[in-house]
Protein chains: 2
Amino acid sequence: MSTAHGARARARIEVTAAIKDEARRQLAADGAARLSLRAVARELGMVSSALYRYFPSRDDLLTALIIDAYDSLGETAEAAHEAAAGSGPLHRWIAVCEAVRRWALGHPHEYALIYGSPVPGYTAPDTTVPAAARVGLLLIGIVRDAYRGLGLARPPLPADLRPEAERMAADLAPDLPPETVTVLIAAWAQLYGLVGFELFGQFNRVVEDREAFFRHAVGQLAHGVGLVYPQKG
Amino acid sequence: MSTAHGARARARIEVTAAIKDEARRQLAADGAARLSLRAVARELGMVSSALYRYFPSRDDLLTALIIDAYDSLGETAEAAHEAAAGSGPLHRWIAVCEAVRRWALGHPHEYALIYGSPVPGYTAPDTTVPAAARVGLLLIGIVRDAYRGLGLARPPLPADLRPEAERMAADLAPDLPPETVTVLIAAWAQLYGLVGFELFGQFNRVVEDREAFFRHAVGQLAHGVGLVYPQKG
DNA sequence: CACAAACGAGAGCACTGCTCTTGCTTGAGA
DNA sequence: TCTCAAGCAAGAGCAGTGCTCTCGTTTGTG
């Protein structure tokens with residue numbers, strides 16, 4: 001079915017890829033709201049209605065771009081993590097966070113598409129879940145390594161949050177203490193607060209040396225998760 | 001010029017307000033991208049071209065709504081702060097953060113308009129700055145009170161960030177130590193990371209008891225700023 | 001009282017997402 | 001090998017958008 005069952009199937013794959021490529025170009029240039037099916041078709045020398053053979057609607061095309069963006073970000077973050085493989089958890093944590101920031105600055109519209117306000121009336125289908133989880137899994141892995149290595153400081157957990165914390169830990173990282181999982185999730189969200197504020201102009205006239213500011217902030221984030229004093233690395 | 005110089009001027013103010021009201025209604029219902037000048041005009045019984053006498057473009061109308069949204073959020077936060085006036089800084093900090101979260105949940109599209117991805121091709125004019133600063137000023141004020149009361153723990157500051165930290169402190173809160181101002185700005189951004197992740201669905205299937213989670217997270221945020229052990233309040 | 005400025009209405013331009021119909025092409029089963 | 005349905009591109013068309021321009025009318029001021 002899907003595997004090169006003929007010239008036709010191969011052509012379909014190629015055209016689909018060409019559409020996505022051109023759409024990604026337009027997304028990077030002008031943003032999601034200005035992505036136009038007609039303009040994509042025009043650029044590809046086809047008529048707009050032909051494009052609907054490949055993507056049933058504009059939203060479906062956007063969904064494909066969303067998954068690609070998550071994957072691109074995930075790959076970048078994983079590459080940065082591997083490049084820092086020899087270092088201690090804190091250094092790896094910072095490396096991943098900085099990779100996220102750099103990717104966001106380099107792909108502002110893609111970042112806005114996946115972490116900014118979702119396109120109105122549009123809710124991401126479950127298809128995007130695995131791609132979206134990659135950075136989070138990376139952060140969990142770093143903390144897990146640190147935890148196995150020498151344990152972590154466990155920030156206190158209020159009583160009313162304990163059941164939820166245990167549920168989240170069971171879901172995401174059964175081998176980590178609930179206290180850690182809770183602050184880890186918060187740090188994950190806060191990382192994107194830092195990136196988003198810089199990217200969307202909230203730091204204009206406030207923060208100038210954003211690189212140094214960011215590094216310090218994500219270091220503090222790691223501190224909050226208990227990730228300090230890696231094995232002297 | 002601007003003050004009720006006649007029936008005409010008054011009518012202009014009323015029509016302008018009516019346009020904004022209807023636009024705000026549509027924004028709340030369908031989001032910024034679906035806000036249509038023609039639909040607003042239609043609902044108001046006027047023709048679309050007449051609307052351009054009041055707002056030169058769709059972006060100008062959006063800018064007006066952005067300022068209103070900032071003000072609405074600012075008022076809500078300030079009201080929550082006053083309601084907690086008797087309490088200690090930590091309690092007031094949490095009260096303000098929770099007010100921000102509640103406002104965001106109650107006004108998702110307005111929140112997305114001001115803190116989500118900015119409308120492509122659109123950059124907010126300086127007009128919005130004072131309205132946008134209100135929540136930040138509130139947080140600074142809380143920390144200032146705490147600092148005057150009994151001082152704060154000062155998280156260490158890396159050497160490469162010191163000049164920037166001193167510059168930021170001089171700009172925003174000359175009476176606070178640079179270390180505090182730096183983590184305060186980071187906490188400010190991180191607050192919006194937490195809110196945005198909940199609002200934009202990133203916590204789906206991850207965090208269930210979001211109220212308790214949020215309270216704990218902003219408590220940790222306050223802890224990072226040095227805001228613990230208020231005067232027993 | 002006159003006259004310019006402000007205003008509402010309408011037509012029109014260029015664009016959008018999407019649907020439907022009309023033919024042509026391709027590839028798999030009889 | 002031939003047939004015939006499925007896949008496909010093209011074009012016309014619908015309803016909607018932001019925005020501009022023109023044309024009378026109203027209004028307030030010098």
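- Atom pair B:R34:CZ and C:dT16:P shows a separation of 18 Å (rounding to whole Å applied).
- Contact check, A:S36 against C:dT16: a side-chain N or O comes under 4.0 Å of OP1 or OP2.
- Between the CG atom of B:D60 and the P atom of D:dG18 there is a distance of 13 Å, given to the nearest Å.
- With 3.5 Å as the limit, one finds a donor-acceptor pair spanning the side chains of A:Q26 and A:E22.
- B:L35 comes within 4.0 angstrom of the backbone, heavy atoms only, and of no base.
- Going from atom CD of A:E43 over to atom P of C:dC15 covers 13 Å, rounded to whole Å.
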Inset, instruction - Apply salt bridge (Lys or Arg N to Asp or Glu O under 4.0 Å) to A:R25 and A:D21, showing your working. - result: CA-CA 6 Å; A:R25 260 205 50 246; A:D21 284 353; over 6 Å; no
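- As rounded to whole Å, 14 Å separates atom P of D:dG16 from atom CD of B:Q26.
- Nearest to the side-chain atoms of B:L37 among the listed nucleotides C:dG17, C:dA9, D:dG18 stands D:dG18.
- As rounded to whole Å, 12 Å separates atom C1' of C:dG17 from atom CG of A:L62.
- Here D:dA9 is the nucleotide among D:dA9, D:dC19, D:dC21 with the atom lying nearest to any side-chain atom of A:Y54.
- In terms of heavy atoms, A:E164 sits closest to B:V206 at OE2-O, 4.5 Å.
- Atom pair B:M46:CE and C:dA9:C1' shows a separation of 10 Å (rounding to whole Å applied).
- B:S57 comes within 4.0 angstrom of the backbone, heavy atoms only, and of no base.
- Nearest to the side chain of B:R38, among D:dG28, C:dG12, C:dT16, sits C:dG12.
- A centroid separation of 6.0 Å or more is found between the aromatic rings of B:Y115 and A:F200.
- In the set D:dC8, C:dG17, D:dT26, the nucleotide with an atom closest to the side chain of A:R58 is C:dG17.
- Heavy atoms of B:F55 sit nowhere under 4.0 angstrom from any nucleic acid atom.
- Side chain of B:R53, nearest nucleotide from C:dA5, C:dG8, C:dG17: C:dG8.
- Listed nucleotides C:dG10, C:dT16, D:dT27 differ in distance to A:A39; the shortest reach to its side chain belongs to C:dT16.
- Using a 3.5 Å distance cut-off with no hydrogens or angles, the side chains of A:D60 and A:T63 do not pair a donor with an acceptor.
- Distances shown here put a side-chain N or O of B:R12 below 4.0 Å from the OP1 or OP2 atom of C:dC7.
- Between B:I19 atom CD1 and C:dG8 atom C1' there is a gap of 12 Å when expressed in whole angstrom units.
- Distances from the side chain of A:S49 to the nucleotides D:dA10, D:dT27, C:dG10 place D:dA10 closest.
- Within the structure, a side-chain polar atom (N or O) of B:R42 is placed less than 4.0 Å from OP1 or OP2 of D:dT17.
- One atom, OH of B:Y52, and another, P of C:dG10, lie 17 Å apart when rounded to the nearest Å.
- When each of A:L191, A:V183, A:L184, A:L139 is paired with A:L221, the side chain to side chain contact (heavy atoms under 4.5 Å, CB included) condition holds for A:L191 and for no other.
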